[in-house]
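Some notes on the structure that comes next.
The chains referred to below are lettered A, B, ... by the order of the sequence lines, with proteins before strands, and numbering in each begins at 1. In this text, all values refer to a predicted model and were calculated from it rather than measured experimentally.
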Amino acid sequence: MPFGENKNASWYGKDILSVKQFDRSDLEYIFGVAHEMAEMVRRIGTFDLLKGKILANLFYEPSTRTSASFTAAMERLGGSVIPINEVRYSSVAKGESLPDTVRTLEAYADVIVLRHPEVGAAALAAKYARKPIINAGDGVGEHPTQALLDLFTIQEELGRVDHITVTMLGDLKYGRTVHSLARLLSLYNVKLNYVSPDILRMPREIITEIQATGTPQFEYTSLEPVLAETDVLYVTRVQKERFEDPEQYESVKDAYVITPEIMQAAKKTMILMHPLPRVGEIAMEVDQDPRAAYFRQVEYGLYVRMALLAMVLGKA
Amino acid sequence: MPFGENKNASWYGKDILSVKQFDRSDLEYIFGVAHEMAEMVRRIGTFDLLKGKILANLFYEPSTRTSASFTAAMERLGGSVIPINEVRYSSVAKGESLPDTVRTLEAYADVIVLRHPEVGAAALAAKYARKPIINAGDGVGEHPTQALLDLFTIQEELGRVDHITVTMLGDLKYGRTVHSLARLLSLYNVKLNYVSPDILRMPREIITEIQATGTPQFEYTSLEPVLAETDVLYVTRVQKERFEDPEQYESVKDAYVITPEIMQAAKKTMILMHPLPRVGEIAMEVDQDPRAAYFRQVEYGLYVRMALLAMVLGKA
Amino acid sequence: MPFGENKNASWYGKDILSVKQFDRSDLEYIFGVAHEMAEMVRRIGTFDLLKGKILANLFYEPSTRTSASFTAAMERLGGSVIPINEVRYSSVAKGESLPDTVRTLEAYADVIVLRHPEVGAAALAAKYARKPIINAGDGVGEHPTQALLDLFTIQEELGRVDHITVTMLGDLKYGRTVHSLARLLSLYNVKLNYVSPDILRMPREIITEIQATGTPQFEYTSLEPVLAETDVLYVTRVQKERFEDPEQYESVKDAYVITPEIMQAAKKTMILMHPLPRVGEIAMEVDQDPRAAYFRQVEYGLYVRMALLAMVLGKA
């Protein structure tokens with residue numbers, strides 16, 4: 001059951017399917033809980049808020065990082081995990097439908113985290129399941145917990161989301177990460193810069209959608225003009241395979257690599273983010289820079305997922 | 001060490017290898033414990049009966065469903081699980097024997113659940129292991145916990161197993177599920193109907209074995225003549241690959257698909273069961289029917305496995 | 001951070017990378033803790049020393065045995081595990097570096113156990129990680145916890161490591177197990193016999209290294225001359241593939257198989273060890289012999305790993 005209609009409704013039993021289901025007050029509530037989770041982990045490591053609760057971690061495609069994050073989130077709250085990584089397409093090979101699989105798993109577990117290669121899989125699962133479904137990525141569709149952790153990172157690192165300039169860099173066409181983050185940011189008072197090679201620009205429909213919120217958006221092919229004003233620099237990978245002409249790739253790729261020199265020209269208070277894994281688009285020497293926030297971003301992801309699990313299980 | 005000789009012996013340390021090891025009093029005891037498990041799960045979700053106990057979940061072939069069920073059973077009792085899904089044939093590739101593998105794992109765990117593609121694997125493991133072995137399926141051999149959960153479903157849904165008519169439908173030749181269930185049912189006062197295409201009839205040796213118990217058995221190729229008298233309709237899949245002639249398959253397959261129309265002609269108190277996964281042999285519209293018991297059957301499986309784990313670990 | 005410089009330093013936060021980082025007082029401390037773990041497991045099974053702690057069990061190559069051992073060690077101490085077996089080379093396929101992977105996982109976990117096919121992987125991981133890294137095997141490099149459990153087995157079974165004769169048998173050239181064990185034994189007052197086919201002799205550099213400690217070492221091609229004096233017989237597998245000439249293999253292989261006859265000629269107090277898995281190099285009839293220590297060796301491994309986890313997490 002998605003959010004929305006009734007603002008006062010408890011989060012107990014709700015699904016987490018899409019960033020579109022959240023408004024600002026939802027986000028503030030999630031981040032408040034996530035912030036408490038961070039405090040408690042730092043102080044006492046683990047606590048038994050979800051003791052006795054079981055998470056079915058259902059991954060139809062491998063995603064070590066996301067799977068490990070949800071597992072840790074459940075374990076840090078004292079809950080247990082049923083890891084289901086063997087699925088791939090074996091169950092589809094046997095011919096079982098996703099609705100049957102989730103109705104089987106909800107006999108065992110209290111909440112289901114679902115990663116699936118097909119758009120709409122999480123919504124389909126949620127339609128049939130009585131227990132809450134958390135979308136951990138459905139193909140080129142959504143990966144809402146990634147977008148939430150990105151936004152929570154900004155909130156925690158800068159202390160606010162309003163009145164900032166966020167610059168997104170790299171492949172803005174195919175990255176569902178930047179699409180979802182841009183949507184969430186448009187709920188705030190921000191300025192958005194999109195820096196990408198011409199063939200990897202932010203899709204027209206997303207720009208149009210965000211325009212409707214009154215959020216100022218600007219497109220560039222180079223970072224230089226906007227670096228100095230940027231509060232959050234969000235880097236994504238420019239993959240060689242996206243270019244038909246290898247020479248074209250060679251000609252642009254260096255423009256999208258973050259080096260210590262670039263960091264020197266940036267604000268002292270800027271934060272540098274990346275959804276990881278990275279492959280060369282941020283030089284390793286930058287890791288030492290206190291503004292390099294991408295490993296802290298991983299940690300914020302843990303707290304956001306702890307918050308969501310606690311909320312949909314009625315324990316937040 | 002199998003059951004049997006000494007009825008008064010505790011279940012502590014025993015293996016669960018075959019349905020043949022149980023008599024009616026064994027079944028009544030198991031179902032009594034499973035019923036208590038169901039009550040406790042519904043009331044408090046999880047409890048620490050097996051806290052500190054470790055299950056080695058040793059799957060030589062993937063079976064998401066069974067593996068998840070045992071994992072959940074152990075976790076709902078507060079115990080821990082060592083998941084071993086990587087085995088497939090890697091250890092056999094390295095050349096290690098099953099007796100060595102189980103003697104290794106019992107150094108770590110308190111109980112071993114074993115799924116193996118070869119008949120007799122569980123008995124072999126039990127011969128060498130000091131810790132209890134639970135057979136989670138050994139090839140075309142046995143899958144005793146499936147048969148127990150099937151019977152427990154009947155007991156819980158109908159309130160009794162005696163004085164009922166059970167109709168088994170579909171592929172009765174290759175399904176170890178129906179073979180084991182028929183054997184268990186023959187310990188009770190039941191009437192058994194077998195409905196299948198001619199080439200997929202219940203094997204002669206099983207019919208003969210059950211005949212010795214005095215249980216009435218009847219064979220049909222169509223559901224129609226027995227539907228009205230049926231208290232339990234147990235459906236299995238008729239696989240196309242079983243037929244040499246594709247046209248023969250096409251000609252019979254619809255006779256073995258359960259639709260809302262068929263349900264309309266059935267008893268109001270009948271229950272519809274299926275071991276899952278299903279692939280078309282029960283129409284999805286039937287899921288809404290309160291007599292559709294197959295997802296509840298999954299849940300009963302959890303309680304039966306909780307009961308067995310608690311019993312062989314001396315905590316029931 | 002490796003051991004060594006400061007003897008009084010706590011083990012909290014340290015990495016376990018190589019047997020070379022230990023001196024005798026380190027080993028005595030580890031074995032003292034491991035002995036207490038054994039006592040506690042035998043008395044109460046499991047205890048909550050590491051409750052709330054999380055282990056990331058990061059296996060880039062499958063090793064059912066080692067992975068299960070660390071999982072059990074963590075669970076017997078009340079801690080939780082994030083199993084990461086999916087890695088293989090998928091993350092390398094995505095192009096993520098090991099340093100990035102461990103910096104991601106340490107956001108979730110309190111300690112990382114790493115198995116990797118490349119020499120030096122554990123040291124590289126430790127260089128970047130803030131949380132402790134335990135090397136669970138890095139290619140032909142080291143597998144220090146195996147060497148520690150081998151030595152602990154001797155200590156527990158014989159009551160001492162000094163003043164004993166240890167005979168290593170089989171493939172002494174390629175087995176990292178015997179190399180590491182020989183290194184650790186050279187810290188004690190022992191005599192070492194190496195029995196192998198000529199082409200599988202203990203490498204020259206290891207013999208030289210151990211010579212510097214004053215430890216007496218002797219090489220043989222047959223077990224017969226040293227069997228009677230042997231206190232510990234450590235058997236490894238002689239693999240057919242190591243021989244260019246199959247006839248040469250056939251001519252030597254029987255000389256390296258342990259049978260009940262050989263055990264009859266051995267000391268009554270001798271112990272027979274093997275790192276497992278075995279494939280024929282110890283006859284199964286020998287398993288009944290109380291001197292066959294290889295399955296107990298597995299159990300000692302559990303206690304050593306429990307000790308190491310407790311130590312590096314500051315709870316020993």
> So which heavy atom on A:Ile54 is nearest to which on B:Ala72, and how close?
Replying inline: CD1-O, 4.0 Å

>> Determine whether A:Arg103 and B:Asp287 satisfy the following criterion, side-chain contact (heavy atoms from CB on, under 4.5 Å), listing intermediate values before the conclusion.
In response: CA-CA 11 Å; A:Arg103 282 181 288 185; B:Asp287 298 355; 3.0 Å; yes

> If you take all heavy atoms of B:Thr71 and A:Val81, which pair is closest and at what distance?
Replying inline: CG2-O, 4.2 Å

>> Tell me whether A:Asp110 is salt-bridged to B:Arg76, with the criterion being a basic N under 4.0 Å from an acidic carboxylate O.
In response: yes

> Does a side-chain heavy-atom distance below 4.5 Å link B:Val298 with A:Tyr108?
Replying inline: yes

>> Measuring from atom CZ of B:Phe295 to atom CG of A:Asp100, what distance do you get when rounded to the nearest 0.5 angstrom?
In response: 4.0 Å

>> Which heavy atom of B:Glu75 sits nearest to which heavy atom of A:Ile82, and what is that distance?
In response: OE1-CG1, 3.8 Å

>> Please classify the contact between A:Ala56 and chain B as side chain, backbone, both or neither, with a heavy-atom cut-off of under 4.5 Å.
In response: neither

> Heavy-atom distance under 4.5 Å between the side chains of B:Met284 and A:Tyr128, does that happen here?
Replying inline: yes

>> For B:Val279 versus A:Glu96, what's the shortest heavy-atom pair and its separation?
In response: CG2-N, 4.5 Å

>> So which atom in A:Ile84 and which in B:Ala68 form the shortest heavy-atom distance, rounded to 0.1 Å?
In response: CD1-CB, 4.5 Å

>> Counting only non-hydrogen atoms closer than 4.5 Å, does B:Arg65 touch chain A with its backbone (N, CA, C, O), its side chain (CB onward), both, or neither?
In response: both

> Heavy-atom distance under 4.5 Å between the side chains of A:Lys51 and B:Thr46, does that happen here?
Replying inline: no

